[in-house]
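Worksheet: the structure to be examined is printed underneath.
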There are 2 protein chains.
Amino acid sequence: MVRRSATGRIGIADVAVKAGVSHATVSRVMNGNFTVDPDIAARVRAAAVELKYQPNPVGRSLALGKTDTIGIVVPDLANPTFQAILRGLSRAAAQDGYRVLIADSFEVSSEETILAGEARRRCDGLVLCAPRMTDAELEEIAPSLRPLVLINRTTAAADIPSLVVDYGQGVQDLAEHLVELGHTRLAFLAGPPRSASNGMRLKGLEAFKAAHPQVDVRMLEGGSDFDTGHEAVDAVLQSGATGILAFNDLVAMGLMSGLHERGLDVPGDISVTGFDDIPFAKYTTPALTTAAVPITELGEQAWHQLRALIRKEDNDAPGSRYQPRLQVRASSGPAKAARSTVHG
Amino acid sequence: MVRRSATGRIGIADVAVKAGVSHATVSRVMNGNFTVDPDIAARVRAAAVELKYQPNPVGRSLALGKTDTIGIVVPDLANPTFQAILRGLSRAAAQDGYRVLIADSFEVSSEETILAGEARRRCDGLVLCAPRMTDAELEEIAPSLRPLVLINRTTAAADIPSLVVDYGQGVQDLAEHLVELGHTRLAFLAGPPRSASNGMRLKGLEAFKAAHPQVDVRMLEGGSDFDTGHEAVDAVLQSGATGILAFNDLVAMGLMSGLHERGLDVPGDISVTGFDDIPFAKYTTPALTTAAVPITELGEQAWHQLRALIRKEDNDAPGSRYQPRLQVRASSGPAKAARSTVHG
DNA sequence: AAAACGTTAGAAATCGCTTTCCCGTTGCGT
DNA sequence: ACGCAACGGGAAAGCGATTTCTAACGTTTT
């Protein structure tokens with residue numbers, strides 16, 4: 001008959017009794033400590049198997065001061081970008097025996113701060129994707145969250161690697177691409193106003209405008225999802241632009257869908273570009289021209305940086321910058337105006 | 001100057017010293033126990049704030065015997081279906097103050113068993129999506145995982161709710177829809193061979209075939225992702241079918257993309273249907289006819305069922321069955337053969 | 001005024017495990 | 001045969017919280 005400890009689950013004490021040894025010895029055996037007599041070790045192992053004993057991770061965590069768990073805070077689990085980061089992170093961490101605790105802040109910046117703190121306390125480290133948090137807030141809480149890895153944000157605090165995608169460069173590459181196709185009137189369908197990565201794109205566009213004074217670049221208000229793009233059709237048409245830089249692939253897809261409903265041809269009438277190169281981008285019709293971000297790899301890298309911090313290894317490359325790669329597909333083509341110029 | 005406990009973090013002891021009271025009193029105050037003198041309580045709170053004290057969740061979990069965390073095991077985080085379940089679950093659980101620990105089994109059935117056990121021990125309950133596990137394995141481990149909620153699987157063990165989508169009915173509805181459009185040669189582009197939900201679809205198709213002996217239904221090998229659909233073009237064309245039931249939306253999208261590359265028109269030449277109604281389904285070109293599964297809601301329901309179990313409430317509705325809703329869009333149309341029949 | 005009672009806060013046990021400390025054994029060398 | 005080192009394993013002290021038990025205090029009742 002199986003004894004039961006107070007909580008009703010089988011604990012180290014049950015195994016100790018069954019094997020006729022002390023708790024300490026059971027612990028040693030379970031942790032592969034070779035200072036235990038092989039015969040006793042075997043007896044303990046047999047008892048453990050028979051009782052189906054598995055050490056309680058909570059007790060273990062308390063004693064060891066580590067949880068073998070890392071946390072990740074994301075602003076929106078519905079966003080493919082964060083899903084990909086999560087996937088890469090989870091996969092990489094799992095290979096080292098770590099689990100991932102997720103916290104979805106639902107785009108609420110005040111939640112980001114609280115969730116980050118809570119998640120961190122339960123874990124050995126944290127990956128923070130907090131695009132809405134102000135720089136001041138970030139600067140304030142970041143040190144207390146260490147070991148910490150930031151995604152698309154930077155901080156002055158030491159020992160906090162940042163993995164940032166160069167959205168500014170990416171959007172410049174896309175704009176450049178459209179200009180080469182003959183577009184002279186571009187529009188940027190912006191992301192959420194307070195988004196950090198949106199800010200990076202805007203800066204990139206400023207640089208672009210400075211380098212191409214002859215190109216007209218309009219700024220349109222937007223968001224980060226399908227519906228934003230779909231609803232932006234009117235504003236886009238009204239802008240008179242022939243090349244549209246959407247905040248991301250989702251917005252671009254929504255926009256293309258809306259344009260299609262109006263009977264407009266992409267890229268015949270209007271060229272559309274996205275950003276991120278989510279898996280669906282190459283399956284849209286027309287396939288989406290976008291800037292590819294190795295986002296799953298970024299999640300994986302986040303783990304490697306975090307692991308180095310947890311293990312207190314020297315981190316030779318604290319953080320890194322990812323260059324998006326221009327991915328030209330069918331949604332971008334020669335400008336209509338350019339054509340008529342040729343013919344006229 | 002801030003005192004530090006052995007681990008370097010601020011603990012209950014530091015607050016106790018600073019406030020000049022015992023650990024016990026600090027604990028009482030932090031937990032809103034009103035048997036503490038208001039003056040002392042205020043002093044403790046002040047000390048806690050000044051030291052930025054936050055209770056260590058691990059110690060708390062050990063004492064309380066609960067972690068306020070639930071686990072979810074998914075076969076593939078890259079699959080939009082599981083992403084949606086995770087999202088619904090996470091969102092619902094968060095509202096009740098619970099966090100979610102994820103475990104990705106990478107479609108490896110042996111991992112499913114191990115991960116489920118590990119995840120469960122760290123959590124107060126588990127949501128299990130384990131389509132590859134055999135019935136025998138499931139039956140064996142399920143009881144030890146309680147509180148447990150199953151997705152798309154059932155077990156004979158008591159107190160284990162199952163949330164299952166009626167894939168059988170859904171696929172019948174889709175087939176029915178194609179037949180009404182005049183299709184007489186259908187093909188089912190199957191999912192992973194050992195997938196539980198694939199099995200349910202096959203059963204549904206058997207029922208369909210029995211009810212429609214005049215309709216030719218071919219079975220084609222497949223998988224569950226884009227590439228599967230894309231690579232299946234040859235097999236699909238060879239089958240001579242004019243109506244294709246893809247395993248899910250991903251496969252359908254891959255297939256449509258492949259057909260498009262061959263210069264075939266959907267639905268002009270071939271009708272294609274998906275399954276799940278993932279967010280992208282209505283943005284494909286043509287928009288995808290599919291069977292809509294309220295999948296995020298399913299994740300939410302999973303939490304409600306699990307919560308009831310954790311709280312040991314009477315669960316009046318142990319598990320439930322979700323009926324997919326036929327979502328007719330542009331990817332399905334009149335059969336070519338039917339047209340020629342009309343004209344001939 | 002003494003006894004009985006309720007309230008408040010501290011001491012100590014508890015949760016399940018790891019690990020240090022220490023003592024009893026054994027094996028070896030002299 | 002004796003002493004010392006090495007070794008194995010048990011007792012106990014944490015880890016950081018909660019919670020029961022208990023002692024002290026102030027108040028009310030007889």
Side-chain angles (χ1 to χ4, degrees), chain A residues 3-45 47-48 51-69 118 120-124, chain B residues 3-45 47-48 51-69 118 120-124:
Chain A
R3 274 200 53 221
R4 279 161 166 258
S5 70
T7 51
R9 287 194 85 82
I10 290 170
I12 200 172
D14 303 291
V15 180
V17 169
K18 179 147 198 120
V21 297
S22 70
H23 318 290
T25 300
V26 176
S27 173
R28 282 189 266 257
V29 172
M30 297 305 290
N31 292 293
N33 186 325
F34 291 112
T35 69
V36 178
D37 183 289
D39 288 351
I40 295 184
R43 214 164 71 221
V44 170
R45 256 187 286 275
L51 294 175
K52 290 194 171 69
Y53 167 70
Q54 300 283 130
N56 177 327
V58 179
R60 214 154 179 278
S61 291
L62 187 60
L64 293 173
K66 62 180 197 138
T67 60
D68 291 345
T69 300
E118 282 193 357
R120 175 60 186 82
R121 256 172 283 123
R122 295 177 182 275
C123 300
D124 299 344
Chain B
R3 273 202 50 221
R4 278 160 167 260
S5 70
T7 52
R9 287 194 86 82
I10 290 168
I12 200 172
D14 302 291
V15 180
V17 169
K18 178 149 199 120
V21 298
S22 70
H23 318 288
T25 301
V26 175
S27 174
R28 281 190 268 259
V29 172
M30 297 304 292
N31 291 293
N33 186 325
F34 291 112
T35 68
V36 178
D37 182 288
D39 289 350
I40 295 183
R43 215 165 70 223
V44 169
R45 254 186 288 274
L51 294 175
K52 291 196 170 68
Y53 168 69
Q54 299 284 131
N56 177 327
V58 179
R60 217 157 176 272
S61 290
L62 186 60
L64 294 173
K66 63 181 194 137
T67 60
D68 291 344
T69 301
E118 282 193 358
R120 174 61 187 83
R121 256 172 282 126
R122 294 178 183 274
C123 300
D124 300 343

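Below, chain A is the first sequence line, B the second, and so on; all start at residue 1.
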(Q) Taking side chain to side chain contact (heavy atoms under 4.5 Å, CB included) as the criterion, tell me which of B:Val15, B:Val36, B:Thr35 meets it with B:Thr25. (A) B:Val36
(Q) Rounded to whole Å, please give me the gap between CG in B:Asp39 and C1' in C:dA9. (A) 14 Å
Q: Would you mind telling me which of C:dG10, D:dG16, D:dG10 lies closest to the side-chain atoms of A:Ser22?
A: D:dG10
**Q.** Between D:dG16 (C1') and A:Arg122 (CZ): distance, integer Å
**A.** 14 Å
Q | Step-by-step side chain to side chain contact (heavy atoms under 4.5 Å, CB included) determination, A:Ile40 to A:Val44 | A | CA-CA 6 Å; A:Ile40 295 184; A:Val44 170; 4.2 Å; yes
Q: Tell me, with the steps shown, if A:Asn56 and A:Arg9 meet side chain to side chain contact (heavy atoms under 4.5 Å, CB included).
A: CA-CA 9 Å; A:Asn56 177 327; A:Arg9 287 194 85 82; over 6 Å; no
**Q.** Gap between atoms NZ and P, on A:Lys66 and D:dG16 respectively (whole Å)
**A.** 16 Å
Q: To the nearest 0.5 angstrom, please state how far the CG atom of A:Leu51 sits from the NZ atom of A:Lys18.
A: 5.0 Å
(Q) Please classify the nucleic acid contact of A:Phe34 as base, sugar-phosphate, or nothing, using heavy-atom distances under 4.0 Å. (A) nothing
**Q.** Nucleotide C:dT19, atom P - distance to CG of A:Leu62 in whole Å
**A.** 12 Å
Q) A:Arg121 has an atom CZ; how far is it from atom C1' of D:dG16, in whole Å? A) 14 Å
Q) Counting just side-chain N and O atoms, does A:Tyr53 come under 4.0 Å of either OP1 or OP2 of C:dC17? A) yes
Q: Assign a letter to each nucleotide of nucleotides 19-24 of chain D from its 5' end: B, base within under 4.0 Å of a protein heavy atom; S, sugar-phosphate only; -, no contact.
A: BB----
Q. Separation of B:Arg9 atom CZ from D:dA17 atom C1', in whole Å?
A. 15 Å
Q: Would you give the length of the straight line joining atom CZ of B:Arg121 to atom CZ of A:Arg60, rounded to the nearest 0.5 angstrom?
A: 10.5 Å
Q: State which of D:dC15, D:dG9, D:dT18 makes the closest approach to the side chain of B:Arg60.
A: D:dT18
Q. Contact class for B:Val21 (heavy atom, under 4.0 Å): base, sugar-phosphate, or nothing?
A. sugar-phosphate
Q: Would you sort out whether B:Asp68 and A:Arg122 count as a side chain to side chain contact (heavy atoms under 4.5 Å, CB included), showing the intermediate values?
A: CA-CA 11 Å; B:Asp68 291 344; A:Arg122 295 177 182 275; 4.2 Å; yes
Q) In Å and rounded to the nearest 0.5 Å, what is the OG1 to NZ distance from A:Thr69 to A:Lys66? A) 10.0 Å
Q.
What is the distance, to the nearest angstrom, from the CG atom on B:Asp37 to the P atom on C:dG10?
A. 11 Å
Q. Rounded to the nearest Å, what distance is computed from the CD1 atom of residue B:Ile12 to the P atom of nucleotide D:dG14?
A. 17 Å
Q. Is B:Val36 touching bases, backbone alone, or none of the nucleic acid, heavy atoms closer than 4.0 Å?
A. sugar-phosphate
